[in-house]
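To keep things clear, I will list the structure first and then write my remarks on it.
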Amino acid sequence: MTKEIRTRFAPSPTGYLHVGGLRSALYNYLFARKMGGKLLLRVEDTDRTRLVEGAVENFIEVFDWLGIHFDESPAVGGPHAPYVQSERLNLYTEATKTLAEKGHAYVCFCTSERLEQVRADQQARSLPPMYDKHCRKLSKDEVDARITAGEPYVWRMAVPDNEVVEVHDIIRGDVNFETSTIDDQVLMKSDGYPTYHLANVVDDYDMRISHVIRGEEWLPSTPKHVLLYRFFGWEPPQFAHLPLLLNPDRSKMSKRSGDVAVEAYRDKGILPDALLNFVALLGWHPQDEREFFTLEELVNEFSLQRVNKAGAVFDQAKLRWMNTEYLARLTHDEMWDGVAPHLPSELLTESAVRVRYAVISLRPGAESFQDLAAKVVEAFAPADISNDSWDEAQLSFVGEVADGLSTLPAGTWNDFEGLMAEFKAAANSAGAKHGLKGKGIWMTLRMALTGREHGPELGRLVGIWGREGTLNRLHAAIAAKLSQEQSP
RNA sequence: GGCGCGUUCGUCUAGGGGUCUAGGACGCUGGCCUCUCACGCCGGUAACACGGGUUCGAAUCCCGUACGCGCUACCA
C-alpha cells in the first residue's frame, strides 16, 4: 500500500500572508487534494524576536476568505497536535539528544562576537563565510564544565567531510552538494528554541509529511535537511522547490515594489477566486490554453510535473484584468451585494431602484467593487457647467428638452428601457426644432446634465437620476447660463 | 567570494528533434461601434541569451560562455 500523501504549509507568523506564501500554500493544497491526501498548517514560530501578535488568527482568517481549508491546523487540531512549534520544544530537545548521542551534534560556545570575527577574516581572504568548527574538538569534560559554569551555548550539526549529498527534487531533478560547502548549522539556539532546519525536519517526520513543497529559496539548505534525516535514520520526504515570485525587476518579490500581502489585495477589492486563479498560473499551467479555473478545476488539472523552473514576475496589470473578468461574471445581485457596502450614505437618500440601476448600468469594465462604487458616486455628482458657453439655440434647445421630458407619463420613468427611447426621441425632436443634430444635441445635453465631456450613456444617466433629478439638472443649467449672460 | 538554480514576445506562458515562416493570454497599439469615455468586436506589435557540438534536421539533446536570481544568521 502506498503512503498517504500529506503536505504542509509552514509559515512563520510575521503578521500577514505573503502572496508567495499563498502560492506555496495553494500548490500544497492542490497537490494534496488531487492525490486524495491531507494538507496541514504548521506555524513556525521559533524566532521569538519576530513574533507578531494575532498572526496565526490572521492566517486562518485569510485562508478562510480564500476558501483554502486545512485538514490539520492550530485551529482545527489533528492527530499530530500541537501545530505550533513553540509548543513542541520537548520534541526538538529529544531530537538533539539523539543526534548528540550518535555524534551528529555538538555543543558550541562561540560568542556572536567571535563568529563575526571569523566571518570577517574569511571575507577578507575571499573565503566562503562558514563556521570554523572551533568547538567541534572540545573534550567532553570541558563541555560539561563550561555548561555547569553557566556559559551559554548552542548545538550545531556535525557535517561529515568529503561527501556528496544528493537532493532529489521533483521539479529540478537531482541536485548535488559537497559537504565541504555545507556549514555546521546551528540546530538549537542558546535560548532553547530550535532553528528552522531542525524543527522542520523533526516536525515533517513526526507529522508524516510525504511531500515538502516550498519556495526555491530553501533549495540550498535542503542538503542539511537530507543529512538530518539520515542522522536520525528517517526516510526523507519528497521535495519540490517552486520557482520564486518576482518583482518587475526580477528580484525576489518583496515589499519594495508594490503589495505582497494577500490582505492588501483583498482590501483593494481583488476577489479571492481571481487571486487564486491568477496565482495558480504563476509557475504552473494546465495542459490546454484555458486560463479560468475554479478551485475544484485547479485540483483536477494540477500536477507538479507542469510546474516551471524559472521565476515568475507578479504582473499587477494581469491580476487586475483577471479580477475584471471575474467581476464581469457575477450576477447583478452578487455585484450589488459587493458594491453596496462601498457606497456613501448620501446615496441612500436616492431611490434604491435607481442606485441599483446605476450599478447595473455602469458595471461593464469595472475592476473592483470599489471602482464601480466610485463610478456610481461620480454619476450622481452635481454638474458644473460654468466653463461651457452656449449660444441662443442651445439654450432654447435645453429648455425644450426639459419641457419634453416633463410631459412624459410618470410610468415611463420607472421603465428604464422605455425611458431611454423616450429620452432619445425628446432630444431629437427638440434638436430638430432648434437646428441641432448628432453631436450638437448630445454634447450640449451632456454638458448641461453632467458638466463633463465624457461619461456614461446619457439615456442611462437619465434613468439613474429619475424625473426630478434630471429636470433639476436641466433647469439648473439653464438658470446658470441665463445669469451668466446677465453678468458677463 | 563560495554553492545552487534559472534563461522562448515588455510580462505570464505553450512547445519535450521535423507539423514552428514559434501558439495563447496580459500589456501596448491601429480600426470598427458610438452622443463622449469605457465596454465590446476585428487586426497589429513583439521572443527561442550567445558560441560550439550531436543529427539529414534543434527552440527542443550535450558542452561551454554570458547574464539574472537565490542561499551563504543563534531568520524563516
Side-chain angles (χ1 to χ4, degrees), chain A residues 10-14 44-47 49-50 85 108 110-112 115-116 119 122-131 152-156 167 169 171-172 175-178 180-183 185-197 199-200 214-223 241 243-244 246 248-252 278 281-292 306 308-322 324-325 328 362-366 375 424 427 437-447 450 452-459:
Chain A
S12 59
T14 51
E44 311 225 320
D45 60 343
T46 55
D47 184 353
T49 64
R50 298 208 307 183
Q85 292 187 326
C108 171
C110 292
T111 61
S112 48
L115 294 175
E116 269 167 44
R119 260 196 290 276
Q122 289 164 331
Q123 302 255 20
R125 287 186 291 157
S126 291
L127 290 172
M130 283 175 67
Y131 180 57
Y153 64 94
V154 302
W155 283 93
R156 284 181 183 275
V167 173
D169 188 280
I171 294 168
R172 286 149 217 286
V175 185
N176 297 319
F177 298 85
E178 297 275 346
S180 62
T181 65
I182 301 174
D183 213 350
Q185 185 67 50
V186 170
L187 299 176
M188 272 292 202
K189 300 181 262 189
S190 56
D191 62 4
Y193 280 75
T195 58
Y196 169 81
H197 307 287
N200 106 86
R214 73 225 308 189
E216 186 186 350
E217 70 267 33
W218 295 108
L219 188 52
S221 56
T222 306
H241 288 93
L244 260 21
L246 273 23
D249 69 358
R250 306 204 72 85
S251 59
K252 186 170 155 185
F278 174 71
L281 261 13
L282 254 26
W284 172 86
H285 66 88
Q287 300 199 40
D288 50 33
E289 285 182 335
R290 278 183 301 159
E291 50 190 349
F292 289 96
R306 297 191 75 82
N308 285 123
K309 296 180 175 74
V313 172
F314 191 96
D315 185 353
Q316 308 276 346
K318 192 158 185 176
L319 204 212
R320 240 177 290 132
W321 163 77
M322 183 151 276
T324 302
E325 291 293 318
L362 307 178
R363 61 174 290 179
K375 285 180 171 159
K424 198 164 225 169
K437 57 183 177 180
K439 283 196 180 176
I441 292 176
W442 300 105
M443 290 316 284
T444 300
L445 275 178
R446 180 170 292 285
M447 286 309 294
T450 71
R452 303 185 186 199
E453 295 183 291
H454 308 302
E457 202 180 325
L458 289 175

Exam field: side chain A:N308 to backbone A:A310, donor-acceptor pair closer than 3.5 Å: no

Sugar-phosphate, base or nothing in reach of A:Q122, heavy atoms under 4.0 Å: nothing

Interatomic distance where CZ belongs to A:R172 and P belongs to B:rG70 [whole Å]: 14 Å

Sugar-phosphate, base or nothing in reach of A:F314, heavy atoms under 4.0 Å: nothing

Minimum heavy-atom distance between A:L246 and A:K252, given as atom pair plus value: CD1-CA, 4.3 Å

Sugar-phosphate, base or nothing in reach of A:V154, heavy atoms under 4.0 Å: base

Which nucleotide in B:rC26, B:rU36, B:rU11 has an atom nearest any side-chain atom of A:R250: B:rU11

Side-chain N or O of A:R320 closer than 4.0 Å to phosphate OP1/OP2 of B:rU11: no

A:H285 backbone acceptor or donor facing A:R306 side chain under 3.5 Å: yes

Main-chain N/O of A:P456 paired to A:R446 side chain as donor or acceptor, under 3.5 Å: yes

Sugar-phosphate, base or nothing in reach of A:G215, heavy atoms under 4.0 Å: nothing

Backbone of A:Y131 reached by a side-chain donor or acceptor of A:D183 within 3.5 Å: yes

A:T195 side-chain proximity, nearest of B:rG24, B:rG1, B:rC75: B:rC75

Whole angstrom value for the distance that separates P of B:rG4 from CG of A:D183: 16 Å

Closest to side chain of A:V313, choosing from B:rU36, B:rU11, B:rG4: B:rU11

Length of the line joining A:E453:CD and B:rC35:C1', which is rounded to integer Å: 12 Å

A:L219, nearest nucleotide to its side chain (from B:rG6, B:rU36, B:rG4): B:rG4

Nucleotide nearest A:K252 when distance is taken to its side chain, options B:rA76, B:rC39, B:rC71: B:rC71

Nucleotide paired to B:rA14 in any strand shown, Watson-Crick or G-U, under 3.5 Å: none

Heavy-atom donor-acceptor pair, A:K318 side-chain to B:rA25 base, under 3.5 Å: yes

Sugar-phosphate only, base, or nothing, as touched by A:E291 at under 4.0 Å among non-hydrogen atoms: sugar-phosphate

Distance between C1' atoms of B:rU19 and B:rG2 (Å, rounded): 46 Å

Sugar-phosphate only, base, or nothing, as touched by A:R125 at under 4.0 Å among non-hydrogen atoms: nothing

Whole-Å distance separating the CZ atom of A:R290 from the C1' atom of B:rU13: 16 Å

Rounded distance in Å - CZ (A:R50) to P (B:rA76): 7 Å

Rounded P spacing from B:rC3 to B:rU21 in Å: 41 Å

Partner nucleotide of B:rC5 by Watson-Crick or wobble geometry (both distances under 3.5 Å): B:rG68

A:Q185 CD to B:rC71 P, straight-line distance once rounded to whole Å: 14 Å

Proximal nucleotide (of B:rU7, B:rC75, B:rU11) relative to the A:A310 side chain: B:rU7

Listed nucleotide nearest any side-chain atom of A:V175, set B:rC5, B:rG27, B:rG70: B:rC5

Touch class at under 4.0 angstrom, heavy-atom based, for A:R452 against every strand present: nothing

Donor-acceptor under 3.5 Å (A:E44 side chain, A:Y196 main chain): no

Shortest side-chain distance from A:L458, nucleotide among B:rC35, B:rC3, B:rA25: B:rC35

Sugar-phosphate only, base, or nothing, as touched by A:P223 at under 4.0 Å among non-hydrogen atoms: nothing

Between B:rA59 and B:rA38 - C1' atom distance, rounded Å: 40 Å

Side chain of A:K309 - closest among B:rA73, B:rG6, B:rA76: B:rG6

Touch class at under 4.0 angstrom, heavy-atom based, for A:N308 against every strand present: sugar-phosphate

Parallel, tilted or perpendicular, as decided by the 30° and 60° cut-offs, for the rings of A:F314 and A:F278: perpendicular

Among B:rC69, B:rC26, B:rA76, the nucleotide that comes nearest once only the side chain of A:D315 is considered: B:rC26

Polar side-chain contact A:R446-B:rC35 base: donor and acceptor under 3.5 Å: yes

Base paired to B:rC37 (Watson-Crick or G-U; both N/O distances under 3.5 angstrom): none

G-U wobble or Watson-Crick pairing nucleotide for B:rU60 (cut-off 3.5 Å, both distances): none

A:S190 (side chain) and B:rC74 (base): donor-acceptor pair under 3.5 Å: yes

First encountered from the 5' end of RNA chain B, between A:D191 and A:P456: A:P456

Heavy-atom pair with the smallest gap, counting every atom of A:I171 and A:H241: CD1-O, 3.5 Å

Sugar-phosphate, base or nothing in reach of A:T14, heavy atoms under 4.0 Å: nothing

B:rC74: pairing nucleotide in any strand, Watson-Crick or G-U under 3.5 angstrom: none

Sugar-phosphate, base or nothing in reach of A:R214, heavy atoms under 4.0 Å: nothing

Side-chain donor or acceptor of A:D47 paired with backbone N/O of A:T49 under 3.5 Å: yes

Pairwise 5' ranking along RNA chain B for A:P128 and A:N176, keeping only the more 5' one: A:P128

For atom CG of A:L445 and atom P of B:rU36, their distance in whole Å: 14 Å

Atom pair distance, as rounded to whole Å: NE2 in A:H454 and P in B:rU34: 19 Å

